[in-house]
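Report on the following structure.
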Number of protein chains: 2
Amino acid sequence: MIEYKKKLTIKDMAKALNVSTATISNAFNRPDQLSESLRLRIIEGCQRLGYEGPNAAARSLRTGVSGIVGVLLADSLSYCISDPVASQFLAGLADVLDQRQCNMLLLPGQEEQTSYKSRQMESMVDGYIIYGGLHPSKRFQRLLQQSKPIIAVDVDTTDFITVNIDNQEGAYRSARLALQHRPQKVAIISLRLTPVSSVSWATCDACYASPASVSRSRWLGYMQALQEYNYPLEQLSVVDVPVNTHRNACMAAFMLLSQEERPDVIICMSDRMALGALQVALQQHIAVPNDLKIVGFDGIAESQFTHPTLTTVQQYNELKGQMAGNMFLGLTPRQNVILPTDMLMGETCPEVMS
Amino acid sequence: MIEYKKKLTIKDMAKALNVSTATISNAFNRPDQLSESLRLRIIEGCQRLGYEGPNAAARSLRTGVSGIVGVLLADSLSYCISDPVASQFLAGLADVLDQRQCNMLLLPGQEEQTSYKSRQMESMVDGYIIYGGLHPSKRFQRLLQQSKPIIAVDVDTTDFITVNIDNQEGAYRSARLALQHRPQKVAIISLRLTPVSSVSWATCDACYASPASVSRSRWLGYMQALQEYNYPLEQLSVVDVPVNTHRNACMAAFMLLSQEERPDVIICMSDRMALGALQVALQQHIAVPNDLKIVGFDGIAESQFTHPTLTTVQQYNELKGQMAGNMFLGLTPRQNVILPTDMLMGETCPEVMS
DNA sequence: AATTGTAAGCGCTTACAATT
DNA sequence: AATTGTAAGCGCTTACAATT
């Protein structure tokens, strides 16, 4: 049988150990305020009696600091946790916060409920890390007025300190790599470039109108490369995908590969899109990379688990999380950061030897 | 410029709206305690003045309930977030908790620091969901004495209410599927069956000694199938992997496929292992499934993103998370649950037509 | 009878006072 | 001078009293 304990307070300890509550508190929080011997006696006594240390709610109420960092996500929790890019970011962030004994509170961005309880926890949070997206949600609007520190990641804004990558440069380099093969027919699988809610064909004009900053930057990088190679834009096929899922990737790839003139290059705004395209191509017995080159974006771990492995833009999401965490905690100067990306030379688009 | 607000309290609202603090509190928490008209006037007034509702720390201190559920993980946060099985579970759990306006606090199991601050948050938590592993950690020991509700998932124990799958049955069925092909040489990639800390060959005897319940159950399922097919155990090759990573999977597969007598069946305790084996096999130009059958376990999404797709045991991790959450919240009777699994017929091991 | 207000106390931290 | 204790108050909820 498990033996349960009563909930112990600092008062109980003070009585049991014959000191004041202040001394107990100091023993835990301000070692310089009492003699070493007394501190050890108290710590030992508390351990023996089963007192786990000051109650977090009370401490937080008193000090105004909770040690909890709110992470405002662009999508639902379930999406973010299962998306490799977001989860890598969260892992990096969690590592840093954990080292400093801070905790993470994941806040879904899409909040429809107006119940005040869903906002309750916001009052506990010491500040926010905003991850991705534009966040037109009410929750987001409220945050701005809370006068708490905010770091934004993968958001194109001047309202906060941001941690970003150079999306345009990365996209440009990946597209150039594909275009070096002098393809006949280029296709792009884009993410949330247009406001549609299903996988659909897009025109270049529509794409320019997109407000989603990350996608737009990548799009501009692609355009830059296409222009450099004088690729006729009217020949370009673009399928836009509203949500970065494998299913959508397959659908997009299927649409592209069923065209009368089949693309020999597919440039993708994410590795998930690229992996979907790869799978569909292989199922259709299209030789990759011989008859079809594919480049991705992100450098997720899974991109190197396939055969052939994916050629993609490696971004360092874990590092991104660590940087955001360190900045939030003030361990790193609070200033805008643009992290580098690298080309990850996989097998789906080899380099052209010249 | 963003305009910041002062931190408002229930007192400020009482003064501004000319009612008592109790009435403000009731307006938020006990609608039956005041007239509809007054309640609306208060809610509207608070909104207008920018009061977000009662402070969570104060409320939690007063009521003893925080709405925060501690999720005790077997490994580090970064591992759990990036593991597809764990993250699916977390996604399901998060969904349920979020609907009920509860929050999740992820607690890494491997806690070496003795700083009391790392335990601070434990005092806030309303209860625990323990996910996987044996948890011999100090943190775990402490939890048992806290007299808070606990639900355990993927743990073989009688100390708590548990949510589990039938690991042995699932493993048995997957092994049988592979053995139907009457393989010459069977190999197994196992997880944490032996206490070694690197990828290593294992013997059948050593494997039985494992204390890790999930792995042992799967192992027993494999043995059951092997016996049924009279497969000579002395011919079996087993590589045991301490941590479920792709790198380890590749190493294990490499070891197995470099043997003088190459296996024509590899049975894997996880899809990550199976995907690694598939990749290594394809890189070595071994035809899958013709010359090598592979079966996995888990049914992670990525297992269906490859070509060929993986034959594996589908477990419903998101459902597992939902069930654990619902039970924790008391929306479902608190009783032990064993969730079903299904065979997911992919291409790496087709069914034998007889 | 229906509505609203008073006041205690949840467990802690910390300025400052009191003691050695 | 070094060590320890007193007491107020963080923001809230709720039993109960007071008012209409």
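Throughout, protein chains are lettered first and strands after them, A, B, ... in sequence-line order, and every chain is numbered starting at 1. Keep in mind that the numbers below use all heavy atoms, side chains included, and drop hydrogens, waters and symmetry copies.
Note: CD1 (B/I42) to P (D/dT13) measures 13 Å, nearest angstrom. Atoms CG (B/L61) and C1' (C/dC12) sit 8 Å apart, rounded to a whole Å. In this entry the distance linking CZ of B/R39 with C1' of C/dT3 reads 15 Å, nearest Å. Rounded to whole angstrom, the span from the CD atom of A/E52 across to the C1' atom of C/dC12 amounts to 16 Å. The separation between B/L8 atom CG and D/dC10 atom P is 14 Å, rounded to whole Å. Across the protein-nucleic acid pair, A/D32 atom CG and C/dT14 atom P stand 12 Å apart, rounded to whole Å. Atom CE in B/M124 sits roughly 13 Å away from atom P in C/dC12 (whole-Å rounding). A straight line from CG of B/N55 to C1' of D/dG11 spans 6 Å, rounded to a whole angstrom.
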Return one dot-bracket line describing DNA chain C 5' to 3' (Watson-Crick or G-U wobble pairs, both distances under 3.5 Å; ( ) same strand, [ ] crossing, | another strand, . none).
||||||||||||||||||||
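Within the model, atoms CD of B/E44 and CG of B/L49 stand 8.5 Å from one another, a figure rounded to the nearest 0.5 Å. In this structure, CZ on B/F89 lies 11.0 Å from CD on B/Q315, to the nearest 0.5 angstrom.
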Protein and nucleotides 4-9 of chain C: nitrogen or oxygen contacts under 3.5 angstrom:
unit_1 : atom_1 : unit_2 : atom_2 : d
C/dG5  : OP2    : B/S20  : N      : 2.8
C/dG5  : OP2    : B/S20  : OG     : 3.2
C/dG5  : OP2    : B/T23  : OG1    : 2.8
C/dG9  : N2     : B/R62  : NH1    : 2.9

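An OP1 or OP2 oxygen of C/dC12 is reached within less than 4.0 angstrom by a side-chain nitrogen or oxygen of A/Y51. Taking side-chain N and O atoms only, B/S25 has a distance below 4.0 Å to OP1 or OP2 of D/dT13.
Panel note: side chain B/D98, backbone B/A94; no donor-acceptor pair is recorded below 3.5 Å. Checking side-chain atoms of A/N317 against main-chain N and O of A/A86 turns up no donor-acceptor pair under 3.5 Å.
For B/T63, whose side chain is taken as the heavy atoms from C-beta onward, the closest listed nucleotide among D/dC10, D/dT13, C/dC12 is D/dT13. Here the nucleotide nearest the side chain of A/R30, chosen from D/dC10, C/dC12, C/dT14, is C/dT14. Considering only side-chain atoms of A/P54, the nucleotide from D/dT13, C/dG11, C/dC12 that sits closest is C/dC12. Nearest nucleotide to the side chain of A/K11, out of D/dG11, C/dT14, C/dC10: C/dC10.
The residues B/D75 and B/R192 are annotated as salt-bridged, a charged nitrogen and a carboxylate oxygen being separated by less than 4.0 angstrom. Salt bridge annotation for A/R39-A/E36: present, with a cationic side-chain nitrogen under 4.0 angstrom from a carboxylate oxygen.
For the pair A/V69/A/F328, a side-chain contact is recorded, criterion being any heavy-atom separation below 4.5 Å from C-beta on. Taking 4.5 Å as the limit, every side-chain heavy atom of A/N326 sits out of range of all side-chain heavy atoms of A/M323.
Nearest heavy-atom pair across A/V125 and A/G127 is CG1-O, 2.8 Å.
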